[in-house]
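Start at 1 and go down the list; that is how both ligands and their atoms are numbered.
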Amino acid sequence: MPEQKTLIMKFGGTSVGSAEALVSAIQIIRDAKKDWDRVVVVTSAMSGVTNLLLDSAASASHGKVDSLPAAESALREKHFAAADALIKNEKLREQTKAEINALILSLVDLCKAIAVLGEASPRAMDAVASLGERMSVYLLGAVVNDAGIKAKAIVSTEFVVTNAHYQNAHPDFKATTEKTRGLLNPLMDEGIIPITTGFIGATPEGAITTLGRGGSDYSAAIIGAVLPADDVWIWTDVDGVMTTDPRIVPEAVTLPEINYSEIAELAYYGAKVLHPKTIRPVLDAGIGLRICNTFNPSHPGTRLIASIKSNGKVEGKVIKAVTAIRKQRLITIEGRGMLGVPGVAARAFGAVASTGTSVPLITQASSEQSICFAVPSELAPTVLSSLEKAFAVEIEDDDIDRVWATEDVSIITVVGAGMRHTPGVSGRVFSKLGNDGVNVLAIAQGSSEVSISLVVDAVDTENAVKALHELIVAS
Ligand code: ADP
Ligand code: ASP
Ligand code: MG
C-alpha cells in the first residue's frame, strides 16, 4: 500500500466559537481532505465555555448556585444557535442538541454536589471542565457530517490515557498509542474523519482528567505523535506566531518561520498562541507543526523549522519576539547569614516544590545574600509560609532576615536564537527600557542564550512590551 499522509488539525475556542467560525472550519476540513489521505480533527470547547464552567464550579464550592440557571441558558444558547444554524437534518440536529443538553444537565448535578460538599476537588474540577470539549465535539461532528463530510465524534477519554494528576495530567504514551491506533485507524481506513476532544483524557480507571488550561494544542501533539502523523496544524484566531501579542501591540507581525528553541521559550514565557507542552512530542516524533488562522485560511501562518541553517547562522532578526507573563510575584529570601552556607538554595526550592509550584524565573546575586524567584501570584502566600516553615531556625537565629513577596509583577521575555552569536543585545534591551522609563526589578538569561527575561511592575507590562517590540521593528 502506498504511504498514507496523515494530518492532525486542532481548532481553538474562537475557531469553533460561533456558526460563522464553524463554517470556516468546515471548509478547512473539506479542503484538507483533498490533500491528505487521513485527517484527524481535535476541537477545543467553544470560546468562553471552559471559563464559564470553571467559574460555576468555583461559585458552587462557596455554596453559591444561584448563577447556575444563567450559566445553563448561556451554554444552551451558544451551542444550540450554532446547531440550529448549521445542522439541516432535523433528526441529527435534535439528537445533537439532546446530547449537549445532557452534558449541561450534568454540569448542574456536579455543581449541586460541589455546593453540598462545600469544596471542589481537582478531580471534580476536571469533570466540570471536560464538559466544554464534550459539548463542542458533538456539535462539530454533527455540522461536519451534515455538510456531507464523513466524520465521527469520539471523546478522547476513550484513548488518551493519563496519570491521576488532575488539572495537569501527564499522558501515558504507551497506553495512549495502543488505544489511539486501535480506535482511530479503523475509522480512517474507511475514509471517516475522527473528530475528537482536545484538553481531556482519562486515568486507566476511567476518571476524567485534563491536561492543563490551553491543553488542546498538547492533545493534538499527543495524537500526532502516537499515530504517528506527518503534520499537526493549530488553527487559531491570529495569523500564526507573531512578534508579540497583537492584543498589546496591534502592529505585531507574523513570523513565517520559527525554530524549536524559540517557540519553546515563547510558549513557556506566555505566548498563549501555543501550549508549551505541544512542542516536545512533535519534536521527538519529527512531525511538522504549523500555526494558522481559521479566519484567514489562505495565509501560510507560521511553520516550525529545524534550529540552525547549515552555515551556522540563524536567519532573520536577532530579537524575534517579545512575550509577557502577568500575575507573578517575586519572592526574596535575604540575610547576611546565608553567605556561603551550602544547601540554602536546595532547601528553598525544595520548600517551593513541596507546594506543587513551578518557578518560571530565578536570580541570585553573587554575594549569596539573597535568592529571588518568581511564582504565580495566587500561589505566593502558600509558598511564603512553606519557606518560613523550612527556614524557621535560620529566621529565629537571624541568619535569614526576611522572606517576602512583591506586589504583582510581570515577566517580560525577548526571544531570538540569533542572540547567541550577537554581542550587546542585553545592552540594547536595557537601554531601551531605561529610555522609555520602565524600571527593571530582576533579570535572568537562560544558558541557551535564546532568551532574556526581565521582571517589571505589573503597571509597566504594556509599556515594556511596546518598547521592546520597537527594538524588533528597528533592527
Ligand atoms: P485558541 O483558542 O485558538 O487556542 P488562544 O487564545 O489560546 O487561542 O491563543 C491565541 C491568542 O494568543 C491570540 O489571539 C493572541 O492574542 C495570543 N497571543 C499571545 N502572544 C502571541 C504571539 N506571540 N503570537 C500570536 N498570538 C499571541
Ligand atoms: N478549553 C480548554 C481551555 O480553555 C482547552 C483549550 O482551549 O485548549 O483551557
Ligand atoms: Mg489556546
Side-chain angles (χ1 to χ4, degrees), residues 9-18 21 24-25 28 42-55 125-126 128-137 140 156 160 167-169 196-201 208-222 232-256 258 262-278 291-296 299 301-302 319-326 410 412-416 451 461-462 465 468-469 472:
M9 296 204 292
K10 175 258 168 176
F11 291 92
T14 336
S15 301
V16 293
S18 64
S24 297
I28 289 166
V42 177
T43 183
S44 293
M46 293 179 93
S47 47
V49 167
T50 310
N51 285 345
L52 181 63
L53 294 167
L54 291 174
D55 288 349
M125 289 304 263
D126 274 358
V128 170
S130 75
L131 296 168
E133 271 69 12
R134 287 156 69 197
M135 288 190 269
S136 65
V137 82
L140 186 60
S156 57
V160 174
Q167 299 186 301
N168 192 19
T196 189
T197 47
F199 186 47
I200 65 178
I208 298 176
T209 55
T210 68
L211 305 174
R213 291 305 307 270
S216 293
D217 303 332
Y218 187 28
S219 303
I222 295 167
V232 172
W233 293 1
I234 305 288
W235 290 95
T236 184
D237 55 4
V238 287
D239 289 338
V241 179
M242 309 184 78
T243 46
T244 194
D245 187 342
R247 280 180 294 201
I248 302 181
V249 181
E251 302 78 45
V253 295
T254 300
L255 296 164
I258 189 161
E262 291 168 329
I263 186 91
E265 297 286 300
L266 271 167
Y268 183 74
Y269 283 109
K272 202 186 161 212
V273 66
L274 194 71
H275 191 285
K277 286 190 180 162
T278 315
I291 295 135
C292 31
N293 190 349
T294 305
F295 305 95
N296 189 15
H299 191 288
T302 301
I319 298 176
K320 281 202 176 158
V322 186
T323 61
I325 316 185
R326 296 170 201 260
S410 295
I412 311 292
T413 303
V414 293
V415 178
S451 69
T461 311
E462 311 244 316
V465 171
L468 295 175
H469 193 262
I472 305 180

Original post:
For residues 240-249, which residue pairs qualify under salt bridge (charged side-chain N to carboxylate O under 4.0 Å, His left out), counting only residues two or more places apart or in two chains?
Top reply: D245-R247
Original post:
List by chain and number: which residues place a heavy atom under 4.0 Å from ligand 1?
Top reply: K10, G12, G13, T236, D237, V238, G240, V241, M242, T244, D245, P246, R247, A271, K272, V273
Original post:
Does a donor on one side chain sit under 3.5 Å from an acceptor on the other, for D237 and T14?
Top reply: yes
Subject >> Atom pair CD1 (I28) and CZ (F295), whose distance is rounded to the nearest 0.5 Å >> reply: 8.5 Å
Subject >> Polar contact flag, side-chain donor to acceptor under 3.5 angstrom, N168-R213 >> reply: no
Subject >> Between CE on residue M125 and CD on residue Q167, distance to nearest 0.5 Å >> reply: 6.0 Å
List, pair by pair, the atoms of ligand 2 and of the protein that are both N or O and lie under 3.5 Å apart, giving the separation rounded to 0.1 Å.
{"from": "ligand 2", "atom 1": "1 (N)", "to": "T50", "atom 2": "OG1", "distance (Å)": "2.8"}
{"from": "ligand 2", "atom 1": "1 (N)", "to": "E133", "atom 2": "OE2", "distance (Å)": "2.6"}
{"from": "ligand 2", "atom 1": "4 (O)", "to": "T50", "atom 2": "OG1", "distance (Å)": "3.4"}
{"from": "ligand 2", "atom 1": "4 (O)", "to": "R213", "atom 2": "NH2", "distance (Å)": "2.9"}
{"from": "ligand 2", "atom 1": "7 (O)", "to": "S44", "atom 2": "OG", "distance (Å)": "3.4"}
{"from": "ligand 2", "atom 1": "8 (O)", "to": "G214", "atom 2": "O", "distance (Å)": "3.4"}
{"from": "ligand 2", "atom 1": "8 (O)", "to": "G215", "atom 2": "N", "distance (Å)": "3.4"}
{"from": "ligand 2", "atom 1": "8 (O)", "to": "S216", "atom 2": "N", "distance (Å)": "3.0"}
{"from": "ligand 2", "atom 1": "8 (O)", "to": "S216", "atom 2": "OG", "distance (Å)": "3.1"}
{"from": "ligand 2", "atom 1": "9 (O)", "to": "R213", "atom 2": "NE", "distance (Å)": "2.7"}
{"from": "ligand 2", "atom 1": "9 (O)", "to": "R213", "atom 2": "NH2", "distance (Å)": "3.4"}
{"from": "ligand 2", "atom 1": "9 (O)", "to": "G214", "atom 2": "N", "distance (Å)": "2.8"}

Original post:
Shortest non-hydrogen contact from S216 to V42?
Top reply: O-CG1, 4.1 Å
Subject >> Salt bridge E462-R326, side-chain N to carboxylate O under 4.0 Å >> reply: yes
Subject >> Between S156 and T197, a side-chain donor and acceptor under 3.5 Å >> reply: yes
Subject >> Set of side chain to side chain contact (heavy atoms under 4.5 Å, CB included) partners for S24, sequence neighbours left out >> reply: T294
